[in-house]
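Here's the structure, in structure tokens; my notes come after.
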Amino acid sequence: SFSLRCGDEANNTVRGELIGPRAAGARGENFVPGDTLSKDTPLMREFNKYLERAREKNVLPECWGDIDDHAVTTMAASENGVAFPVDKSVIEKMYGPNSGEVEILRQIALDVLGVGHSESILFSRQDREFNAGLKQAMGVFKKGEIAESFRRSCGVTEGEVDRVKMMERIKSTMESPMPGATAYWCKGVERMNVITRFVLSFSLRCGDEANNTVRGELIGPRAAGARGENFVPGDTLSKDTPLMREFNKYLERAREKNVLPECWGDIDDHAVTTMAASENGVAFPVDKSVIEKMYGPNSGEVEILR
């Protein structure tokens, strides 16, 4: 039911959302079917959210238990599981064109996800931000804002107007390590993840300060809340709120202290401030538990961000 919904979304060129194996392919995800570690890939996290959503919506049978959770995630992570692209023709080949199985599977997915909410329900915060970043980058290029630095960074020529080709260039740039970056937190790390790390480092520091009841200072979203600040995430005006001015000072301080990668440019400034001003940016309270939930308790990410 999950795999068919992914196929249906991909084939809906008008309103469909790229989820599941199609989105994983677009992200360049290295999915190793059957590998235990593959259960913690973005693709499997999408499936696990689908499973949890089914539980919350009472779609699962009353007698569903731990053994079923284990069986369904093991099958999903297998060679012919969720990494295997599925559409209506595949189901009809498996069960027959008149079996009614396609309709049953579609109804299960409809009960779990509803209509038009697949991406917001299944995507991780990081993947949603990546998608939003691509859309924003397209808007930036089309509007001519920081166009020269954008073209230099992505290798897009001024005469190139093919939207698909341009998106591929943007995606390639965001998914590639920053050239020449040598700092411990960005060497060999995809550009989008470098940008995400920088925003999270600010957010985690805000959380650490708030949780330090002895010497901590109220900064970031905690201070904004105390001030009664009206922060409108994603709104261009939100970039000039006191909270965003705090973040911009943090960015400037990082530049002054040579914390940023050597190749950091205008496009990175724009990307990092856009992500910070987004719905899940600096207005979103973050502490150690949030980072560990995102990356895993043994990832070392908390220490890097701190």
Side-chain angles (χ1 to χ4, degrees), residues 1-132 134-135 167 171 279-280 293-294:
S1 68
F2 172 82
S3 298
L4 181 58
R5 176 61 175 260
C6 295
D8 285 345
E9 291 281 359
N11 292 328
N12 184 343
T13 57
V14 179
R15 292 181 294 107
E17 300 173 310
L18 205 61
I19 58 175
R22 272 77 172 183
R27 291 191 300 262
E29 181 185 329
N30 184 21
F31 185 89
V32 184
D35 187 342
T36 305
L37 296 176
S38 70
K39 293 185 180 180
D40 195 39
T41 59
L43 174 53
M44 279 303 296
R45 287 198 292 272
E46 280 184 66
F47 177 77
N48 285 329
K49 286 184 180 179
Y50 181 79
L51 175 59
E52 286 309 307
R53 179 77 170 183
R55 198 186 324 274
E56 293 166 5
K57 301 285 282 186
N58 296 318
V59 177
L60 303 178
E62 296 82 349
C63 56
W64 188 281
D66 291 345
I67 189 173
D68 304 297
D69 280 343
H70 181 77
V72 84
T73 52
T74 299
M75 180 180 290
S78 71
E79 187 174 357
N80 291 313
V82 292
F84 183 76
V86 167
D87 59 18
K88 178 181 176 182
S89 65
V90 173
I91 303 301
E92 289 183 341
K93 188 174 181 180
M94 290 173 65
Y95 293 94
N98 301 315
S99 66
E101 194 68 20
V102 168
E103 290 71 24
I104 292 172
L105 298 178
R106 282 176 171 163
Q107 186 59 52
I108 293 171
L110 185 63
D111 291 344
V112 175
L113 296 176
V115 179
H117 304 293
S118 304
E119 182 178 315
S120 60
I121 292 169
L122 298 176
F123 273 13
S124 69
R125 171 188 171 188
Q126 189 172 351
D127 291 332
R128 288 199 305 273
E129 287 171 347
F130 176 75
N131 289 347
L134 286 183
K135 292 172 185 174
M167 287 295 286
K171 180 175 176 297
E279 185 177 0
N280 291 311
K293 188 174 181 180
M294 288 174 65

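As a basis for the values below, the full set of heavy atoms in this structure was taken, side chains included, without hydrogen atoms, waters or symmetry mates. All values derive from a computational prediction rather than experimental measurement.
Asn48 and Glu52 share no donor-acceptor pair across their side chains, judged by distance under 3.5 Å alone.
For residues 93-103, no pair satisfies side-chain hydrogen bond (donor to acceptor under 3.5 Å, both in side chains), with sequence neighbours left out.
A search for salt bridge (Lys or Arg N to Asp or Glu O under 4.0 Å) contacts involving Asp69 returns Arg55, not counting sequence neighbours. Remark: Glu92 pairs with no residue by the side-chain hydrogen bond (donor to acceptor under 3.5 Å, both in side chains) rule, at least two apart or across chains.
Here CD of Glu46 is found 6.5 Å from SG of Cys6. Values are rounded to the nearest 0.5 Å. Distance check, rounded to the nearest 0.5 Å: CE of Met75 to CZ of Phe47 gives 9.0 Å. In this structure, the separation between OG on Ser1 and CG on Leu110 is 11.0 Å, given to the nearest 0.5 Å. Within the model, atoms CG of Leu113 and CD1 of Ile108 stand 11.5 Å from one another, a figure rounded to the nearest 0.5 Å.
Here the closest heavy-atom approach between residue Ser3 and residue Gly81 is recorded as OG-O, 4.3 Å. In terms of heavy-atom proximity, Cys63 sits nearest to Asp68 at O-OD2, 3.9 Å. Smallest separation of non-hydrogen atoms from Arg5 and Gly114: NH2-O, 2.8 Å. Nearest heavy-atom pair, Asp87 versus Leu4, reported as atom, atom and distance to 0.1 Å: C-CD1, 3.6 Å.
For the pair Tyr50/Val72, no side-chain contact is recorded, criterion being any heavy-atom separation below 4.5 Å from C-beta on. Using a 4.5 Å heavy-atom cutoff, the side chains of Asp111 and Lys57 are not in contact. Two residues are said to be in side-chain contact when any heavy atoms from C-beta on lie closer than 4.5 Å; Leu51 and Leu60 meet this criterion.
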Assess whether side chain to side chain contact (heavy atoms under 4.5 Å, CB included) is satisfied between Trp64 and Val59, documenting all intermediate values. CA-CA 10 Å; Trp64 188 281; Val59 177; over 6 Å; no
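Under 4.0 Å is where a charged nitrogen must lie from a carboxylate oxygen, and between Asp8 and Arg106 at least one such pair does.
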